[in-house]
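Each remark here refers to the structure printed beneath this line.
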Amino acid sequence: MSVTKIPLKKKIALKLYTKYKSNEKRLHQLNYILWECTLRCNLNCIHCGSDCKKDAKVMDMPREDFLKALDEITPVVNPNKTMIVLTGGEAILRKDIKEVGKELYQRGFPWGVVSNGMGLDQQMLSGLMNSGIRAVTISLDGLEESHNWLRNHPKSFKNAVNALKLLRLTSYVKYDVVTCVNQKNYDELPEFYQFLQSIGVKEWRIFTVFPIGRAKHNELLQLKPKDFKGLFDFIAKVREEGKIKLNYGCEGFLGDYEGKVRDNFFFCRAGINVASVLVDGSISACPSLRDNFIQGNIYKDSFKDVWLNKYQMYRDRSWTKTGVCSNCEHFKYCEGNGMHLRDEKTGELLFCHLKRIEEGEKCSSEKK
């Protein structure tokens, strides 16, 4: 059956989920804050939109500035239920990251980092744990050759794996692996799945790259339609086996794959439950949302007031019903895909998951 032909039972569930989403937008309870605490990085990944040599010259935001903004918004959040995630660049390159962690911990906020694992040795991990870290995400993009190709460093795989082995020995730090699937590592996914089990990984997330930024110029970063569809078949199979908790990333309505490849139906929570503070003080949602999606700046606006009174374009997505979305029967479930896949100047959709899966179905049927 075509992925666009959704069974009646699932349609009913999706309809109920749209009501849940409407209520979430109305409440817009903030419970996830990302802080782009540095643009410095110790890698130069080929799929990253940043230039680590250029961005290394951008000063890290002083921790006092972020903490002041966090204190401003604390009256409208529950610190114990609001996760703070430090991103970059490479977050652990901040010399004061342990002091940052202690400040967050003392305020009652659980916190974590997204890391490439290059500098996450035992000394660093012990320091982070002493500062109350609760969660770590390690980027691991396939087996050694594929990972090192994407991360553009010959020791990246070894260091990331070593970091995961250290995390496995911790008793209370929650950790997972995130993998960027592309043409170089797609065929090795079954073997990589076995490898992750062998090093004790219990949670795994997969995402795909879209024709944005550097990915526009390297076709190997994007899956062909047939493989794009095949990826979701792989994820569904792994989830059925239950040996690793695997989820596809938060972007993209996936038709009949909804409920099969991640724990929840598709819901872009940017600006609804998720906010971010960028390195220059800009207030956004996901760190990848910039330019016209910026809602304010902590150096001139109250973080609390911005969260409560702005973000209208995030919470009312009717403006996205244009272009390929204008006549789509699934718009009521999708609402125009993830915000990071809209053009920041025109608002037009840059990538439709459902259309790419349909292309993959067509390729498969033609071969038969």
Side-chain angles (χ1 to χ4, degrees), residues 1-11 13-14 17 47 140-143 146 150 177-194 196 204-212 215-216 218-268 323-325 327-338 340-342 349-368:
M1 184 175 71
S2 171
V3 72
T4 59
K5 294 181 180 178
I6 302 172
L8 178 59
K9 186 175 180 180
K10 186 170 291 185
K11 281 186 176 180
L14 285 166
Y17 198 67
H47 66 312
L140 189 62
D141 302 294
L143 299 175
S146 299
L150 188 69
V177 165
V178 62
T179 299
C180 168
V181 176
N182 53 74
Q183 290 188 40
K184 291 277 284 186
N185 64 12
Y186 174 77
D187 288 333
E188 68 188 31
L189 282 176
E191 185 180 356
F192 184 55
Y193 168 43
Q194 297 298 324
L196 291 179
W204 182 22
R205 283 181 290 135
I206 279 176
F207 72 98
T208 43
V209 177
F210 313 108
I212 300 171
K216 284 183 179 180
N218 191 333
E219 63 178 18
L220 291 178
L221 292 175
Q222 301 168 56
L223 291 177
K224 296 176 181 178
K226 176 178 64 69
D227 295 339
F228 192 72
K229 178 187 180 299
L231 174 63
F232 297 111
D233 292 328
F234 169 79
I235 294 173
K237 181 180 178 183
V238 170
R239 285 174 61 87
E240 286 178 2
E241 290 180 1
K243 296 177 182 178
I244 285 183
K245 183 180 180 182
L246 174 58
N247 277 283
Y248 181 62
C250 60
E251 69 276 319
F253 178 73
L254 305 173
D256 192 36
Y257 282 115
E258 292 294 326
K260 297 178 181 178
V261 297
R262 54 188 164 210
D263 293 344
N264 301 300
F265 291 146
F266 169 66
F267 183 11
C268 179
V324 296
C325 298
N327 296 311
C328 180
E329 64 177 302
H330 302 295
F331 182 82
K332 56 184 174 289
Y333 308 132
C334 178
E335 297 184 298
N337 211 324
H340 68 290
L341 293 175
R342 314 292 308 190
L349 183 63
L350 300 171
F351 187 92
C352 175
H353 287 66
L354 211 52
K355 283 191 174 297
R356 181 56 64 91
I357 295 172
E358 286 183 288
E359 291 173 18
E361 289 179 329
K362 185 178 180 181
C363 291
S364 299
S365 61
E366 286 176 350
K367 285 190 175 182
K368 292 179 182 179

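- Applying the salt bridge (charged side-chain N to carboxylate O under 4.0 Å, His left out) rule to E359 yields the partners R356; only residues at least two apart in sequence or on another chain are considered.
- K260 pairs by the salt bridge (charged side-chain N to carboxylate O under 4.0 Å, His left out) definition with D256, not counting sequence neighbours.
- A side-chain hydrogen bond (donor to acceptor under 3.5 Å, both in side chains) check over residues 230-244, counting only residues at least two apart or in different chains, returns the pairs Y193-E241, K229-D233, D233-Y257, R239-N247, R239-D263.
- Residues satisfying the side-chain contact (heavy atoms from CB on, under 4.5 Å) criterion with C325, sequence neighbours excluded, are F331, R342, L349.
- At least one donor-acceptor pair under 3.5 Å links the side chain of E361 to the backbone N or O of V3.
- Y17 meets the ring-ring contact (aromatic ring centres under 6.0 Å, His included) test with Y20, F265; sequence neighbours excluded.
- For E191, the side-chain contact (heavy atoms from CB on, under 4.5 Å) partners at least two apart in sequence or on another chain are L143.
- For the pairing with S146, the side-chain contact (heavy atoms from CB on, under 4.5 Å) check across N185, T179, V181 returns one residue only, N185.
- For K332, the side-chain contact (heavy atoms from CB on, under 4.5 Å) criterion is met by no residue, not counting sequence neighbours.
- Applying the side chain to side chain donor-acceptor pair (under 3.5 Å) rule to E358 yields no partners; only residues at least two apart in sequence or on another chain are considered.
- By the side chain to side chain donor-acceptor pair (under 3.5 Å) test, Q183 pairs with no residue at all, sequence neighbours left out.
- Expressed to the nearest 0.5 Å, how far CZ of F228 lies from OG1 of T208 amounts to 4.5 Å.
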- Query: Stepwise, does the side-chain contact (heavy atoms from CB on, under 4.5 Å) test hold for F253 with L14?
  - Reply: CA-CA 11 Å; F253 178 73; L14 285 166; 4.2 Å; yes

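- Every residue two or more places apart in sequence or in another chain that forms a side-chain contact (heavy atoms from CB on, under 4.5 Å) with C180 is listed here: H47, D141, L150, N182, F207, V209.
- The salt bridge (charged side-chain N to carboxylate O under 4.0 Å, His left out) test applied to E335 returns K21, K25, not counting sequence neighbours.
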